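What follows is a single structure, written as structure tokens, with notes after it.
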Amino acid sequence: MVAESFRCVGHSFFVKSLPSAALRTANCGRRRSFSVSCSNEKGNNNMGKRSLMWFRKGLRLHDNPALLRSCEGASHVYPVFVLDPWFLAPDPTAPSPGSKLVGVNRIRFLLQSLEDLDENLRKHGSRLLVLHGNPTTVIPELLMKWQINELCFEFDTEPYAQDRDADIKKLATKYGVEVFSPVSHTLFNPIDTIRKNGGQTPLTYQAFLKLTGKPPLPVTAPLQIPSPPEDLNDVHVVPVPKLEDLGYVNLDEEFSPHPGGETEALRRLDKSLVNQKWVCDFEKPKGNPTAFIEPATTVLSPYLKFGCLSCRLFHQRLLAVYSQNKKHSSPPVSLEGQLLWREFFYTAGYGTPNFDRMLGNPICKQIPWKDDDRLLAAWRDGQTGYPWIDAAMVQLRKWGWMHHLARHAVACFLTRGDMFVYWEKGRDVFDRLLIDSDWAINNGNWLWLSASAFFHQYHRIYSPVTFGKKYDPDGLYVKHFLPVLKDMPKYYIYEPWTAPLAVQKKANCIIGVDYPRPIVDHSIANKECREKMGIAYSQNRSQAAPSVSSTMRKRRRGVD
DNA sequence: CTCCACGTTGATTGG
DNA sequence: ACCAATCAACGTGGA
Ligand SMILES: Cc1cc2nc3c(=O)[nH]c(=O)nc-3n(C[C@H](O)[C@H](O)[C@H](O)COP(=O)(O)OP(=O)(O)OC[C@H]3O[C@@H](n4cnc5c(N)ncnc54)[C@H](O)[C@@H]3O)c2cc1C
């Protein structure tokens with residue numbers, strides 16, 4: 001069972017409409033009493049409850065209502081993280097280091113975040129209990145072994161998490177364990193937003209904006225965290241592993257410069273907001289995607305993804321900056337607007353069936369994309385022959401992060417711009433390699449970029465040559481991520497195949513040998529793509545369920 | 001029903 | 001360096 005509202009005892013903060021994975025299932029909306037007949041007796045001599053704080057995302061102590069609740073009146077809090085080999089086991093056959101599903105940069109980011117979480121818990125007299133296994137089996141076992149009274153975890157709207165959490169909630173309830181699952185990963189609960197809109201999922205940003213009010217304030221961190229007992233009843237917990245412990249060795253490639261963890265997240269938040277003029281002038285579309293020493297945006301995305309940073313804290317601090325300044329930019333282009341884009345896609349993702357697929361997705365244009373593994377592999381591996389595209393894809397592989405507009409450029413290139421390959425294939429590559437990869441945001445943006453939903457001006461195509469060039473005419477970004485081109489004169493850097501052979505020789509980079517020729521001719525490919533999009537769109541128009549009146553009209557016309 | 005303004009982030013050309 | 005006009009032109013949603 002889940003509370004629908006929750007007052008944070010000992011604080012003046014009131015967190016509205018907390019949770020509820022449970023709202024999707026039976027008994028929606030019916031307020032339920034909390035009194036549960038516990039099969040698990042409370043601790044010795046009514047000492048207080050034993051609670052299990054299950055960390056998944058939300059890897060932080062600040063603004064963590066689930067953690068706060070787990071501490072209230074507890075004799076012992078068991079802070080748990082379960083490392084699932086399904087996501088973490090090395091896959092030597094994968095195209096780049098990592099598991100089948102997760103690149104090594106995100107695995108490293110996770111481990112660093114766990115290490116930091118453990119350190120912060122220790123500062124509060126507790127520690128992180130790390131286990132290996134499938135959470136769906138591990139968590140219920142722990143509930144039994146530790147005679148847990150209350151299970152606390154952050155509400156998560158991803159389909160994978162919804163299924164997992166529903167299973168675990170069912171078992172917990174069977175064991176008489178109370179479950180508390182508050183909203184703290186997003187500013188708003190998508191369920192509330194959709195309800196506010198009369199049950200319709202808002203599908204434009206402007207419509208979404210109208211539904212948002214003031215988000216709840218963050219809750220304070222717990223002052224002290226009752227430690228887990230020494231005796232863990234034979235449960236095997238491990239220290240936070242290192243990458244090598246998980247089997248990742250001989251990693252010599254340049255890796256992500258962004259370390260994980262709440263401490264780093266808060267530091268980066270401070271750093272991002274200290275220049276108030278920068279914050280107030282922020283206009284997303286004007287950012288420079290080729291800036292990589294000092295990126296043009298905050299790079300807070302991986303911290304938001306793992307919940308090392310609370311979006312509510314970010315939002316609160318942002319509004320504090322705005323309030324101290326006369327003028328500031330506004331959504332959609334402002335920094336606040338970026339946080340609201342995140343909310344928008346979380347809401348759309350929650351309310352749309354099959355959001356992560358073309359088939360069966362009611363908002364997704366049905367387009368006959370190609371299933372071309374050769375093109376896909378070239379794109380994934382930074383071998384398209386277009387340096388701007390390839391450099392961005394190498395940045396993705398090496399750093400796990402790219403500027404938003406670089407994501408635009410490569411996503412457009414793979415799909416509607418040049419290659420006409422399934423957006424879902426590109427989504428999978430991003431999902432594996434991004435350190436900020438996020439189900440709702442990633443899918444939402446791929447739908448956008450492929451002009452499958454939200455955005456439909458498919459004739460607006462990024463040039464794989466001039467788009468990068470206009471930001472970085474010297475090609476410093478390209479030269480950094482594609483060192484093979486480092487001696488190519490800047491005049492040819494975006495189109496090295498046009499360099500005379502003598503120039504190629506002098507630059508130690510023969511096109512077709514050291515660096516590939518363009519895999520498609522953009523001037524031809526973009527026209528073909530446009531044409532295919534036009535045909536697909538018109539077929540979607542005629543296949544869209546015709547309204548009764550338009551059917552009548554057609555009939556009448558036929559009779560006439 | 002029709003009409004029309006609007007949409008975070010195009011490219012090119014000309015001033 | 002920056003801006004505006006032009007091109008070609010989509011679907012959505014509110015009036
Ligand atoms: C094809 C494609 C795939 C993407 N996949 C992801 C993803 O898996 N995870 C992810 O976090 N972002 C994704 N984005 C959105 C965006 O590119 C990143 O959020 C942003 O570049 C992260 O950098 P930042 O933190 O410096 O952003 P900032 O501009 O500093 O924005 C602050 C925060 O706002 C949120 N935000 C910013 N832009 C968007 C957006 N367009 N949509 C939703 N939320 C946004 C992010 O949480 C971000 O951290 C994707 C974009 C594209 C085009």
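Chain identifiers are assigned alphabetically (A, B, ...) following the order of the sequence lines, protein sequences preceding nucleic acid strands; residue numbering begins at 1 within each chain. From a predicted model like this one, the values you see are computed outputs, not experimental measurements.
- Atom CZ of A:F255 is surrounded by 12 or fewer heavy atoms from other residues, nucleotides or ligands within 6.0 Å.
- For A:H456 against C:dT12, no side-chain N or O and base N or O form a donor-acceptor pair under 3.5 Å.
- Taking only side-chain nitrogens and oxygens, A:T204 never comes nearer than 4.0 Å to OP1 or OP2 of B:dG7.
- A:F454 comes within contact range of no nucleotide atom at all, as no heavy-atom separation falls under 4.0 Å.
- Contact annotation: the side chain of A:T201 never approaches that of A:F355 to less than 4.5 Å [non-hydrogen atoms, C-beta and beyond].
- Of the N and O atoms on the side chains of A:T186 and A:R342, not one donor lies less than 3.5 Å from an acceptor on the other residue.
- Contact check, A:Q206 against C:dT12: no side-chain N or O comes under 4.0 Å of OP1 or OP2.
- Applying the 4.0 Å criterion to OP1 and OP2 of B:dG10, one finds that A:K470 has every side-chain N and O outside that range.
- Across all strands, A:F455 comes closer than 4.0 Å to no nucleic acid atom at all (heavy-atom distances).
- Remark: A:K527 is not in phosphate contact with B:dA11, judged by side-chain N or O atoms under 4.0 Å from OP1 or OP2.
- Within 4.0 Å of A:K469, counting heavy atoms only, lies no atom of the nucleic acid at all.
- The aromatic ring of A:W341 stacks onto the base of B:dT8, its centre lying under 5.5 Å from the centre of the six-membered base ring with the two planes under 30° apart.
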